[in-house]
J.: 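Can you keep this structure in mind? I'll have questions shortly.
Values below: every heavy atom of this structure, side chains too, minus hydrogens, waters and symmetry copies. We number each residue from 1, following the sequence as shown.
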Amino acid sequence: GLRRRVFVAWSAGLLGVAALALLWLLPTAGPRALFAQWVLFPATRYRTVGGNATVELNGFNQTVAGLAWASGGNTAAPTIKNSGAVATLSVNPAGNQTFPGDITGNINIVKSGTNVQSLTSANLSYTGTTLVNGGELNLTTVGTMTSSVTIAGGATLGGEGATTGSLTLQANSALTVDPLTPGSFMAGTVNAASSPVLVKFAGAPPTTTPVLVLSAPGGITGSAANFQAVGVRGGVFYLANSNTELMFAAQIGDANMRS
């Protein structure tokens, strides 16, 4: 359908190439956004958003096959925003994609599929919810995110980002954790009452110090026994600091990754 203030770089097709070429000739984000008011937004291709460009949802729901960034020589990050009524941005990446742009306004994000979508901007201040139905959503943003995040069964949350909203981990959801870094994903509160919640370690957990898996200043609901390590021999999960941190302690001699 027609969507206002939307810039799309098609991966193929003369119309997409022509639109991209003309867009790159425009000197600022304002004219680019104006030019892009009547560009079609097909749902079957990933969106490559140009440097300093703005995608305005304007209250319309959108479905895209992934979000990526093409600077085109402009190192300013792009922006996806919604100035209208609440809109849902559904993302089903055709491959693993990384989007460093800002996402702001009244937007719900729904991630599906089997691939990884990474959102790495310092500004993910969109006010809607985040639902991961499939694949992995990797979040690294700290300080601006307020969205409540739900990870459905079969889906994965990765990264060491933070949100002041809640994190709900449904049965058979998963976390990807780097055991060699001091941080973890942090949410205002964590609901881990369902079981099991799978924890995938990116490397062998150390046997000398416990690994911080999750943190929640408002508290973690649910038992540490609901968490299950994947690909690691031995070890135990436990709640610490008045149930605000989930830790994993590897057993000495048993923390080798399974082949």
Side-chain angles (χ1 to χ4, degrees), residues 61 63 67 82 86-93 99 103-121 124-178 183-202 211-230 236-248:
N61 297 333
T63 299
L67 293 170
N82 178 36
V86 61
T88 297
L89 178 61
S90 300
V91 182
N92 183 355
F99 183 68
I103 303 179
T104 66
N106 197 4
I107 298 175
N108 297 325
I109 292 180
V110 177
K111 162 71 176 69
S112 60
T114 59
N115 294 309
V116 179
Q117 177 69 64
S118 297
L119 303 178
T120 60
S121 170
L124 294 181
S125 59
Y126 62 95
T127 57
T129 59
T130 304
L131 173 60
V132 185
N133 276 329
E136 179 174 333
L137 181 64
N138 187 278
L139 298 171
T140 60
T141 301
V142 174
T144 63
M145 193 172 180
T146 64
S147 178
S148 290
V149 180
T150 298
I151 312 300
T156 301
L157 174 66
E160 296 181 359
T163 180
T164 58
S166 62
L167 170 63
T168 300
L169 298 167
Q170 297 182 352
N172 295 303
S173 63
L175 300 169
T176 297
V177 176
D178 187 344
S184 72
F185 190 86
M186 181 173 68
T189 59
V190 172
N191 180 357
S194 299
S195 175
V197 176
L198 308 178
V199 178
K200 307 172 184 178
F201 290 103
V211 175
L212 178 61
V213 177
L214 276 175
S215 58
I220 298 174
T221 302
S223 171
N226 291 342
F227 291 84
Q228 177 181 321
V230 176
V236 61
F237 291 96
Y238 63 95
L239 294 172
N241 293 333
S242 301
N243 291 354
T244 62
E245 295 179 337
L246 176 69
M247 311 295 296
F248 178 79

J.: How about Phe248 and Phe201: are their ring centres within less than 6.0 Å of each other?
T.: yes
J.: Mind checking the OG1-CG spacing from Thr168 to Leu157? Nearest 0.5 Å is all I need.
T.: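 Thr168 atom OG1 to Leu157 atom CG measures 11.5 Å (nearest 0.5 Å).
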J.: Give a yes or no on whether the backbone of Thr88 and the side-chain of Asn61 come within a donor-acceptor separation of less than 3.5 Å.
T.: yes
J.: Taking the side chain as every heavy atom from C-beta outward, state whether Val211 and Met247 have any atom pair closer than 4.5 Å.
T.: no
J.: Using side-chain heavy atoms (C-beta onward) and a distance below 4.5 Å, is Leu67 in contact with Val91?
T.: yes
J.: Without swapping roles, check the side chain of Thr189 against the backbone of Ser166 for a donor-acceptor pair under 3.5 Å.
T.: no
J.: Would you confirm whether Ser147, through its side chain, and Gly128, through its main-chain N or O, come within 3.5 Å as a donor-acceptor pair?
T.: yes
J.: Can you tell me if Asn115 uses its side chain to pair, donor with acceptor, with the backbone of Pro93 under 3.5 Å?
T.: yes
J.: Taking the side chain as every heavy atom from C-beta outward, state whether Ile109 and Val132 have any pair of such atoms under 4.5 Å apart.
T.: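 The answer is no; the side chains never approach within 4.5 Å.
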J.: By the definition side chain to side chain contact (heavy atoms under 4.5 Å, CB included), identify the one residue from Asn106, Ile103, Asn108, Thr104 that meets it with Tyr126.
T.: Ile103
J.: Are the side chain of Ser215 and the backbone N or O of Glu245 linked by a donor-acceptor pair below 3.5 Å?
T.: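 The answer is no, because no donor-acceptor pair under 3.5 Å joins these two groups.
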J.: Between Lys111 (side chain only) and Asn133 (backbone N and O only), is there a donor and an acceptor less than 3.5 Å apart?
T.: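 No, Lys111 side chain to Asn133 backbone: no donor-acceptor pair under 3.5 Å.
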J.: Could you check whether any side-chain heavy atom of Val190 comes within less than 4.5 Å of a side-chain heavy atom of Leu169, counting everything from C-beta outward?
T.: yes
J.: Tell me whether Asn226 contacts the main-chain N or O of Ala192 through its side chain, where contact means a donor paired with an acceptor under 3.5 Å.
T.: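 Indeed, once roles are kept as given, a pair shorter than 3.5 Å links the two residues.
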J.: Under a 3.5 Å distance rule, please check whether Ser242 uses its side chain to pair with a backbone N or O of Thr244 as donor and acceptor.
T.: no
J.: Does the side chain of Met145 come within less than 4.5 Å of Leu139's, by heavy atoms?
T.: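 Yes, close enough: below the 4.5 Å cut-off.
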J.: To the nearest 0.5 Å, how far apart are CG in Asp178 and CG in Leu212?
T.: 12.0 Å
J.: Just by modelled atom types, is the Thr140 backbone N or O under 3.5 Å from a matching donor or acceptor in the Asn138 side chain?
T.: no
J.: Mind checking whether Lys200 and Leu175 have side chains closer than 4.5 Å, heavy atoms only?
T.: no
J.: Side chains of Pro196 and Asn172: does their closest heavy-atom pair fall under 4.5 Å?
T.: yes
